[in-house]
Amino acid sequence: MSTSVMRAQHLDVSIDSKLGKHAFIPGSTCAVAGDTIQCTALRLYLGSFMLLNEGDTIMRWPFFYFLIDFSDPSTTVFQLPDLPDIDFDEVSFLIGVDSSLQVDGPHGGVLDPAEGMYWTWQNGYIDVKVEGTASLSTDIKEEFAWHLGGYQGPLNASVRCVLPCSKKRLHLTIDWFHLFHAMDMKTQHHVMSPSAATVQAMEALKSGITAR
Amino acid sequence: MKIKTAIACVVVSIVLMAFAEKGGSLFHVPAGWPVPHYDFAKNKLTQEKVDLGRLLFYDPILSRDSTISCESCHSRFVAFTHVDHALSHGINDRIGKRNAPALMNLAWQRSFMWDGAINHLDMQALAPITNALEMDEQLPNVLEKLRTQSRYRFMFERAYGDTTISTEGMLRAISSFMVTLVSSNSKYDQVKRGEANFTRQEENGYALFLMHCNACHTEPLFTNGEFSRNGLAQDAVLQDLGRFAVTLQPEDSFLFKVPTLRNIAYSKPYMHDGRMKRLSDVLKHYASLHGQGVHMNNTLDQLPSFSSEQQVDITSFLLTLSDSTFVMNPAFSYPREIIASLTKESN
């Protein structure tokens, strides 16, 4: 057991979702900041994980992507394989799909366009999908649907999160409050294509992610 | 960038050599043409994939109620455009927003649709399949329907070595068929190869073309693949912003992809919304731009007010871009022989 290769293990990742103080998954209803929000769909891509030590990248999984669907708990835990026995102090990953994987034709697995996280009329992955009803939404049915994505130039929406991590278990918590706070239910209840506002929304979402 | 192109050249020539060795003629780069943009290393062309793609292209199974195939809007006899339709119509006769482009030489194209919304040929088929105005179907349903048909299980196995029917396999097969749609045998090509001569009128037209049109409609593909304006007034009803819809950059407003002019005589009507019925309308349009100086584009602003003789000359040159061997090519037609052999197979 002398070489790190022989001791290769996994990085175990798990994720939970909340809105302020409440658990937030499809089916849940939360009262937050004067709004009552009911969630019907909550999905996002995470991928391109890296581990860093004192700022240097020491491990990369550029082609591993995970589609987290909070209506299916099995998708909220996953493993990154072949972790060598080395020290690290930070984890870095993308929320969304890297632009280089958006221009080179079809992919299978969770990146299959049949997963419903892909715009077919104007190519590109939907990085994050949040749908439901909100009492403040000015939509006639009080619905909202945010399909956040975009990969081209200034509309590139995927964001890289860097968080402390030094163990082989990483637990992420997404607090969607930051995203809801950044979006205006009166003017932005439906977001279905890339825009500068989406890029800002993704930055807000990023600030709601913490690691334990 | 240079290195990338060089690598692409090497890859492509290796792939092409492989075909040459097999004696296959699925795809070749005509002499003097640039290196194709399509990455053949990722989707190796085989007869089996091309056959499957052709079957899919002509099969209305891809639409929600099995009434519309790709061919409904892209018919071979009119260079794979929509016969005499300004705006193409799809399922339940719903009218789309744009004119169906002619399909040819797609392996050299970098982006697709009039606004470049599609970034890879392999992703193209998804757009019409899921567009409510076109085929109005959901991707998982399409895959489900294909899986229930023994002919597709057989054809996918033949093409990919297993019976799994995946999005990727379906898309790569449709592309495989589409990249074989190469048109390079017009009178223009024959003249370039020294097999024919232009008439005096065509010769005059060619000279005018090189001077005034070639900057955008660049030979030998007759497009430079860029997005541009050509002086059309905006249609007040359709309100089509063109490339802007994709990039949201103000400078891209009303820019449309420069279309190829190959087989232009077959592919009427013209422009992204099919507003012009005849080539003579197009030439009148370009002649009318003279002296307007408002197009922010030097080539357009310097167009002369073509005399009617000059317009006829240019038109006669454009007619030399018609490739009858392309539109008559049985390899591109309804796959009767494939379907017949499949029926035998299952008996």
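Letters A, B, ... are given to chains in the order of the sequence lines, protein chains preceding strands, and every chain is numbered from 1.
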Heavy-atom neighbours of A/Arg169 CZ exceed 12 at 6.0 Å: no

Looking at side-chain heavy atoms only, is the closest gap between B/Met123 and A/Tyr118 below 4.5 Å? yes

B/Ala125 versus chain A, heavy atoms under 4.5 Å apart: side chain, backbone, both or neither? neither

Pick from B/Asp115, B/Leu143, B/Leu126 with the largest number of heavy-atom pairs that fall under 4.5 Å of chain A: B/Leu126

Need one label for B/Gln249: side chain, backbone, both or neither, based on atoms under 4.5 Å from any heavy atom in chain A. side chain

With a cut-off of 6.0 Å (strictly less than), are more than 12 heavy atoms of other residues, nucleotides or ligands near CD of A/Gln79? yes

Chain A contact via B/Leu121 - side chain, backbone, both or neither, heavy atoms under 4.5 Å: neither

More than 12 heavy atoms of other residues, nucleotides or ligands under 6.0 Å from CZ of A/Arg160: yes or no? yes

Under 4.5 Å to a heavy atom of chain A? For B/Thr167 that would be both

Given B/Val246 and A/Gln152, is the side-chain contact (heavy atoms from CB on, under 4.5 Å) satisfied, shown in steps? CA-CA 9 Å; B/Val246 176; A/Gln152 292 194 78; 3.3 Å; yes

Contacting region of A/Pro194 [heavy-atom separation from chain B under 4.5 Å]: backbone

Minimum heavy-atom distance between B/Pro140 and A/Ala114, given as atom pair plus value: CG-O, 3.7 Å

Should the heavy atoms of other residues, nucleotides or ligands under 6.0 Å from NE2 of A/His181 be counted, would the total exceed 12? no

If we ignore hydrogens and angles and just use 3.5 Å, is the side chain of A/Gln122 paired with the main-chain N or O of B/Ala117 as donor and acceptor? no

Short question: side chain of B/Asn119, backbone of A/Gln102 - any donor-acceptor pair under 3.5 Å? yes

Could you tell me the separation between the CG atom of B/Asp39 and the CG atom of A/Asp104, rounded to the nearest 0.5 Å? 8.5 Å

Should we count CD of B/Glu251 as having more than 12 external heavy atoms under 6.0 Å? yes

Can you measure from CG (B/Leu171) to NE2 (A/His107) and round to the nearest 0.5 angstrom? 11.5 Å

Taking every non-hydrogen atom, the tightest pair across A/Ser195 and B/Leu248: CA-CD1, 3.7 Å

Search all heavy atoms of A/Asn123 against all heavy atoms of B/His120 and return the closest pair with its distance. OD1-N, 4.0 Å

Tell me, side chain or backbone of B/Ile118 under 4.5 Å from chain A's heavy atoms, or both, or neither? both

